[in-house]
Every structure is written in structure tokens, then in C-alpha cells.
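Below is one structure; the comments refer to it alone.
Side-chain atoms are counted along with the backbone in the values below, which use heavy atoms only and exclude waters and symmetry mates.
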Amino acid sequence: MDFTVIEDSNLNNGVKTKGMHATSQLLLLCAWRTIKEISLLFGELIERIPVVKEKSQGFLTEELLLTIGSYFMKALSQIKHRGAFEQAYIGFTKVCLTLWRCPIKELADLPGFWLEEMMTEITTASDKLCATRRSAGVPFIIQALLVSEHEISPASTCFHAAMSQLLDLCESSEKSSISKIHALNILRSLFRSTELGDQVNSYVARGVKIAVLGFNASSWSVRNASTLLLSALLVRIFGVPRSKETLTWKNKMTGRIFFMRYPSLYEFFLSQLEIFDSNNSNLEVTNASELTIFPVLMILARLYPSSLEGTDSNLQLSTFIKYVLNASKSGIHEVRILAATAIASLISRESTADCVRNLFNVLDATQSDNARHGTLLQLSQIIQTWKSHQYGMQPAIQNHVIFKINNIVPKILDLNTSLVVKESILKLAFYSLTSFGQHFNLKCLMSAHSLLEALNDSSKPFIYTVGDTNLKVTLVLILAYEILVSAKFLTTSEAMSSMEYQDWFKKGVNFSNFVLGITRSSDFDQIDTILTFLFYALLCGNEVNVELSLPKNECEDLNALVVINHDFNLFKYIFSILKLSPVMKTEMGELLSCDTFCRQFVYNLRKLVAEDAHNLYKHKFLAVLRFFPSALEAYCDNCDKLVAGRCSLDDNASAFTYLSKSCFGDNDDSVTIQALHCIRAYLSIQKQKRKQWSQKDFEDLCNILFANGCVLDQTDQIRYAISQTIVENYSLFLAFSSPIDLLNLMTTVVLLSQDDLTPIRENIAQILGTVHESTRNLELLLEEFRNNSQIDSLLFAVAASAWLLKDIDYDTENEHQENVFDKTDMNAYFEEMVLAKLAAFHLSEVCSNSGIINVPLPKIISQWLINYSNLRPNFGNTLHDIFDLVLKKFSFEPESYLLLLLQSNLKCNSAAKQIMSLTKLKYVRLFCDKACKSQ
């Protein structure tokens, strides 16, 4: 969409106006901001200027006030842009407050009339109102009218009338779905309103009933609006959620208090559970009429028994337990999950032991997979909930759980049950045993290992399902942990003399063989899982070699490597207990010292990476590789024989060339990060061996670090890895880098010293040996470059000139209009003017002392300056020519750069005259005049 300003010779004294290019984004932005400012302005005017009946200077008339009110009503009922009607709501609230207070009766009655008019349009499902976008501005109209009335009149007559009418409308079976959608959206807005406070509490019970029954509506739009209403009510009742992952105790309430506040909900919830229970007898509930069980179980999961329960009321939570237990047999998977969450909250501490025993008895007797799965989920939730309780679980019930699990796990894994049930029993066993400080016994471990072998048996193919994949991932994770951590416990137990142990021993199942077996398979999920596990196991056990470990903030970021969307909680739990394992350091030390395992492991994964056209394994392979010094060295030194993806290397290719081509060429940030850490690890190994470096090696290394665009365009983790590599090998860079690489090195260090992330700035400060505040670090770095004997004066002068000239762009005059919504992150630590002034000062010092003003720049350096600073190719070839460009850029503030132009042993007569023509500061003109006469 283009809009060109019309050229008019009568405008601007006959000078033609330049055409302006406006995008649809710019038009939208200007339109809604105009509406926003108009609405806010109207609100301020009405709030501050008195209203009179007759026209009078300095006052608002009744007619004008009615016009403004009509504007707001029309805008809020028709505009669909959220930013516009949210700001219009602020102005309209001020209008309503003014009208409610107005002594003129006609005006004071106007808000009530508007409310009645809007309720009529909602009831009749008027097509003037927007039924999408959560009714757009309609809820804001009602909210502004009712909130303003509540401020003026505590009785709130209109509020109670409107609430009753809206609730009746939602409960009516005769009204259209459009009317119900508007009513539900308005109720949601009112229940969320903080201004109404306790005023809405008396309507919460009816609102909950409406939201629950709305789940059974035939219209999808009504069901969607009901879920949004239920969400608002849960926040109103239980508070804002403290955690997105789990329910915290601060977002729960005792059943006694809940049903004392909303007693009608007790019988309502009971009736809904009874209806579901009667229809659930055949275990095949799949119709939409049973969806009300979802919100009921969600609310019950937020209630817990009180110590005073039953003392002053018959409304007890224990009544719901039998219905929730029966819900675990449902044919709907999500119902079974919600029932498990609810039962863990409903049972009291005193009844936990009996409930757990009964559930294990049910598990032994049941034949249905749905019932087995639901029972296992409930057991898992109860155990996890009560082990984290301040009192914990009683020792007797802990022993019972351990005994039953050791007996049930092999039985269920050997049965012809669904894969989901097998996954659930494994998780139950693992969570329970590890929380009690126990491990799988030999029989459980063998059953789990046999199941994984059966799943991977190519002669007995399984139909690929989500359950199949999830079970394999669960098996690999749990077996990897148990084989790694509990191996020593098994060998020291009485099981060594048993036949089972002899069979297990003959299979040669240990951690290294288990890992090698997985890497020889072709199952992506299993390989991905074992690599993730191995990475974090090595990370947790690798305290000796600090150089190869990640920073703390990266250790905590599990998302850095876990890309499988199966059970993130299981990953998180296993990696949390890996850190606490006392044998982790020993086991990982033995693994790293096994040269045979290291080389075989790298060989297996090298083949996978070579055949991997989509980089599924490469970043995790590199992440693990850097922990194996001997394998990493062999991998890099023999990379001429490797083929990675689409990248093949000749016989003379170095390790850095391989990493550069195979990793940075893929445009995959995760691969780049791990490649940089591999390079750091390899450099560390070579430094320890005092290997002589070749110029080719460092050319390849500099290409990796500096030749992939501006360092500030990289992600946080890539910049961190680059800063670590530079700091750890700074002296080597100075000794072996070419002139262009030195220019890139100085520029990268300067940019990273002003990075937005504190760890990166602190890394770069290590070059100086001490950490100061950002500006002081920058000043010391430039001084270090200027005084360093390994950096030529001309190179430093060119680098300083580049920092002064950076961002000169002759072709982006209207670029900011193209993408008005594209905003870059602001870096509060990057000071362009500070860098420019420091660069100007040091540049003048270098030029005054070395006499390099008129020395022609080598062609390769001139080209670097052109590319970095975006200069025209014909800018010149000396520093004298560069000064003219600097003067042009900073002509708006020439006094800051006189030091550069007048202290550089430069014939600057023309430059000083140019400054005199540009500046209006008297003392600057006198200084320039004096400089010209002295020459």
C-alpha cells in the first residue's frame, strides 16, 4: 500500500514536496494511536472542565458532552483493535465518572440509559456488536459503566441489576449463542476487575456453575468463552498462579473455607460427579456431554482437607474421594490425569497409608488398561505430593511402597498391557524409589532392559505410536541412570550369587556398553535421549577440568539441549538428582579414562553425523565430544577423513576448517555454540601439550570467530562462547593473527566489552586483569591496544577510524518507515558517543606521535575499512581522507573532535575553516581561527 504526498507548487514556496512511502503497518499504527490519543484527550477534558447547560466560554456544554459520549459508545462497540479500545476505556471511565457526579439530572441518568441500551443489544444479539475477539470493546463498555458507578454509589444498583441480567442470560436455554458469548465475556471482564473488589464475590458461585455447564454447550464458541470465564473465576477464588508447572499451596484452599463461602457448589459438584460416575460404569466415556468433569476436577485439585473439617459443617471433602477414585477408570486420558491430581489433594495425611494400600490392591486385581493407568497415576501423584510435605511419608508406608513396586514392576512389564501403562509403572517406580533413596532391584532392571530390547527388535516391529516413542525415551533415561548409579550397589548385594545376576553379567550390561548399544541403533529419539543424558552426566561429574565446563547459567538451562517434547519433567528430575549423586564424579572419571569407549563412541556418532542431512545429532554430538580429550584430538587431527553432512574436506584441511565449514555453514545456532566449545576444548588440549601453532590454524580459527557477521548479531550463548575463546587464547591471537584478523580481534573485543550481558563483559575484562565499570574497561582496552607492541600503530589507527565511522549509511534515508514494528533489543551498556570520543583521542595520539597521517593504506586494509564502516569505494587511501569523513559525520558537534583534527600534525587549515562555517559556538570559532593562523 503506497501513499505519495501530492506535489503542490503553492506549498513550501514552490519547492516540490518529496514523496513519502507509507506501508499498511505504518497506516495502522498511526490510526490506532490517533484513536488512543483522542480518547485520552476527551477523558482529560471532561474530567477537568466543568459542564453547563448553555454555551459559555471555557465550559463544556451538555450537547458537546453527549457528542463525546456517543463517540465513546460507538468506538468501543465497533473497534476491534485491542490497543485502541483499551485506551478508549480509560477515557470513557472518566466520562462515566463525570456523568454519575453531574448535578444535571438528564446527564446523571445517561450512564444508566447507556447500560440499558447495551444490555438490550446484547440480549437481541445485535449485529452491531463484535462477537469475535472476546467481544472486543463490549465488555469494556459495561465495565466502565459499572466500575464508575461503584466509585460514586456504594449501593451499586445498576451493578446488581446488570449482574443478575447477565447471569440469567447465560443460564437461559432460549437465548442465542451470540448473546451467551457476549454475556460470558462480560462476566469474565467483571470477575477480573480489581476495581469491583468484593462486590462480585456474591456472584462467584453462580458464575462457577455457568462456566462448568458451559463445557457441555453444543457451540464451540460458547465452550471457549466458558473456559475463559472459568480461568478468571479460578484467579478470583484462589489467587494468581505462582507457578505455571505445578499447583502451589498458596493457590489452594481448605475445603472447609471454600464451601463455607460457596455452599451451593457442594451439591452441584456432587451431582456432576454422580452423573459422570453413572455414565462411566462401562469405562467408555467419550461423548461431549461428560465434559463438565474437567472443571470440577480442576477445582477439587485446589482444595485440601482442614484439621477442623466436619466440626461445624457436614460439607466434607471425603465425600468426593470415592467419585474421584472411580474417575481414574475413565476412557478419557486427561480425565485420568486430572483425577490423579485431585485425589492427591483431597486425601488427608491420616488416610494416606490406607489409600495407598487400597490402590495397590486395586492394581493387582484390575484387568483394564485404563483402570491400571489411572491407578498408577494416582499412586504417583500421592507419593510425590506427600514426600514433599513437611511431615513426609511414614517409614511403614515407605517400606510397603518399595515392596509392592519391586513386585509389580516386572509383572506389568511382562504383561501384554498398553505401552502407556508400562511407561506409567516405570515412572512410578523411578520417582518413588529415588525419593526414598532406593534403586531398582536386579529383577526390575532386567525386566526394563528386556523390554527395551524387545522394542528395538527389528524382527518384531512395533506399530509406531506416540506411546511407543515415549516409552523408549522413558526406558533409556531410567535405565541410563539406574545402570550408571546403581551398578555398584548391585555388585555388592546378595544378588551377585543369583542366577539372574549371572545372566545379567553374561550380557555385559554396563553403562559404557549400554551407551554404545544405543548409539549403534537408528532410533533418533533414543540417540537424542542418551546424548542429552550423557552430556549432563559429564557436566555434573566434570569438576576437575574446569576449562571444559559450562558457566552456571548455562548448566541451569536445560532447554539448551533437550529438544524432545515428551516428558520434560522426567528430564528435569533426573538431571536434578544427577547433581546430588555421590558416585557421579567417580563414574564419569572412569568413563573419560576409557580410551576404547571414547574412540568407539566417537566412531559410532561420526557415522550418524555423516549421514545426518538435517543436523538432528550434530549439536549434541559436539556437546558431548568436547568432554573426551583423546577422542576430540583424534577427531580433529583426522578430520581430513571425515564427511559431515554435505561438507567434505581435502587431505590438507585442518580441524578449524572442518568445524568452520561443517558447523557455521549450517546456520544452526545450537551447532555453532557447541562447535565453539569444541574449539575451546581442543585449544586447551594443544596448549597443555605445548604444540607449535601454524599460521593456517589461526587463519581458520579467526574465520570461525570473526568472519560470520557482526558479533552483536549473534545469540547470547554464541557471544559468550566467543568471549571465552578470545580471553583464553588472547596472547596466541596477538602472536599469530594476520593484520585483518587483528583488526577483527580489536573490533570484536571492543563490542563485547560493551555487551548487554554482565558475564560477557566480565569475561572481556579479564584481558586487563581486573574488572571495572563498563566505560572504564573500554578506556583501558583502547589504551592496551595502542600501547601493545604486537599491534602496529597503523592498524590501531585504522581500527579507531572504523569505530568512528561505523553506521554511516547513504542509502537508508527512509528505511525506518518500512518496518515500523521491528524493534531491536536495547543495549544499555553500548555507548556509541563514548566509544567515538575515546577512539578520537587515541587516534590523535597515535597520529601525532608516529607521523602516519599521509601513509597510504594497503589495499586489503582499505577494503576492510570500506566493508566494516559501509564507506564508498572511492573515499581515499590515507588517514587524512578518513578525517574528512569523520568531520562530515560529526559536523553537528565539531567541538568534541577538534582534538582529533588539530593535534595530529595535520595541515588542517581547510578542516578548521570548515568547522568555523558549521559551528555557532564563539570559543570554538576563535580556537579554529587561531589554529589556521598558526599554520
Side-chain angles (χ1 to χ4, degrees), residues 695 698-699 702 705-706 726-727 729-754 764 767-769 775-806 808 832 834-869 871 875-887 889-890 896-908 911 931 935:
Q695 188 68 31
F698 264 86
E699 286 180 5
C702 291
L705 295 178
F706 309 131
I726 290 174
V727 171
N729 303 279
Y730 181 66
S731 59
L732 295 175
F733 279 116
L734 293 179
F736 290 94
S737 295
S738 65
I740 297 300
D741 293 332
L742 279 175
L743 289 171
N744 286 325
L745 172 66
M746 288 187 286
T747 301
T748 302
V749 169
V750 165
L751 293 176
L752 291 178
S753 70
Q754 301 180 86
I764 295 299
I767 294 175
L768 304 170
T775 304
R776 179 59 177 159
N777 280 337
L778 181 62
E779 183 179 346
L780 293 174
L781 278 172
L782 265 62
E783 188 173 340
E784 147 71 18
F785 293 152
R786 180 165 65 89
N787 297 328
N788 196 307
S789 59
Q790 293 178 294
I791 300 177
D792 186 73
S793 298
L794 182 62
L795 283 181
F796 176 73
V798 171
S801 302
W803 303 332
L804 281 168
L805 295 170
K806 180 64 176 171
I808 292 182
E832 183 180 3
V834 172
L835 174 60
K837 291 179 180 180
L838 289 173
F841 171 77
H842 287 284
L843 182 58
S844 67
E845 291 293 314
V846 170
C847 293
S848 62
N849 296 330
S850 58
I852 56 175
I853 293 297
N854 295 309
V855 175
L857 300 177
K859 185 175 180 181
I860 187 172
I861 293 179
S862 297
Q863 189 61 45
W864 179 90
L865 186 61
I866 290 170
N867 295 336
Y868 180 80
S869 299
L871 302 181
F875 79 93
N877 67 341
T878 66
L879 292 178
H880 188 286
D881 299 322
I882 294 174
F883 290 150
D884 291 336
L885 296 176
V886 173
L887 179 64
K889 178 178 181 180
F890 296 104
S896 300
Y897 297 93
L898 284 175
L899 189 64
L900 167 67
L901 296 170
L902 302 179
Q903 293 183 357
S904 302
N905 294 332
L906 162 69
K907 292 182 179 179
C908 56
Q935 296 184 23

task: Please assess Leu795 against Val798 for the test side-chain contact (heavy atoms from CB on, under 4.5 Å), listing each intermediate value before the final yes or no.
output: CA-CA 5 Å; Leu795 283 181; Val798 171; 5.6 Å; no
With sequence neighbours excluded, residues passing side-chain hydrogen bond (donor to acceptor under 3.5 Å, both in side chains) with [X]:
{"X": "Asp741", "value": "Ser738"}
{"X": "Asn867", "value": "Gln863"}
{"X": "Thr747", "value": "Trp803"}

message: Let's go through Ile764 and Asn777 carefully: what are the C-alpha distance in whole Å and the side-chain angles of both, what is the deciding distance for side-chain contact (heavy atoms from CB on, under 4.5 Å) to 0.1 Å, and is it a yes or a no?
response: CA-CA 9 Å; Ile764 295 299; Asn777 280 337; over 6 Å; no
Contact summary for Leu778 and Val834, nearest pair of heavy atoms: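 Here Leu778 and Val834 meet closest at CD2-CG1, 4.4 Å.
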query: Between Ala839 and Ala800, which heavy-atom pair has the shortest distance, and what is it?
result: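 For Ala839 and Ala800, the tightest heavy-atom pair comes out as CB-O, 3.8 Å.
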Could you tell me if the side chain of [Y] sits less than 4.5 Å from the side chain of [X], heavy atoms only?
{"X": "Asn744", "Y": "Ser737", "answer": "no"}
{"X": "Leu781", "Y": "Leu768", "answer": "yes"}
{"X": "Gln754", "Y": "Val750", "answer": "yes"}

I need the [X] [atom1] to [Y] [atom2] distance, nearest 0.5 Å.
{"X": "Ile767", "Y": "Leu752", "atom1": "CD1", "atom2": "CG", "result": "9.0 Å"}
{"X": "Phe785", "Y": "Ser793", "atom1": "CZ", "atom2": "OG", "result": "14.0 Å"}
{"X": "Leu835", "Y": "Thr775", "atom1": "CG", "atom2": "OG1", "result": "10.5 Å"}
{"X": "Leu745", "Y": "Ile726", "atom1": "CG", "atom2": "CD1", "result": "6.0 Å"}

- prompt: Can you name the residues that form a side-chain contact (heavy atoms from CB on, under 4.5 Å) with Ser862, not counting sequence neighbours?
  reply: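 Scan of Ser862 (side-chain contact (heavy atoms from CB on, under 4.5 Å), adjacent residues dropped) gives Leu857.
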message: Which residues pass the side-chain contact (heavy atoms from CB on, under 4.5 Å) test with Asn788, not counting sequence neighbours?
response: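 Asn788 satisfies side-chain contact (heavy atoms from CB on, under 4.5 Å) with Tyr730, Leu734, Glu784, Gln790, Ile791 only.
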message: List the residues meeting salt bridge (charged side-chain N to carboxylate O under 4.0 Å, His left out) with Glu779, not counting sequence neighbours, and say none if there are none.
response: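 Testing Glu779 for salt bridge (charged side-chain N to carboxylate O under 4.0 Å, His left out), a comparison that skips the adjacent residues, returns Arg776.
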field: ring pair (Phe, Tyr, Trp, His ring centres under 6.0 Å) partners for Phe733, two or more places apart
entry: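 Partners of Phe733 under the ring pair (Phe, Tyr, Trp, His ring centres under 6.0 Å) test: Phe698.
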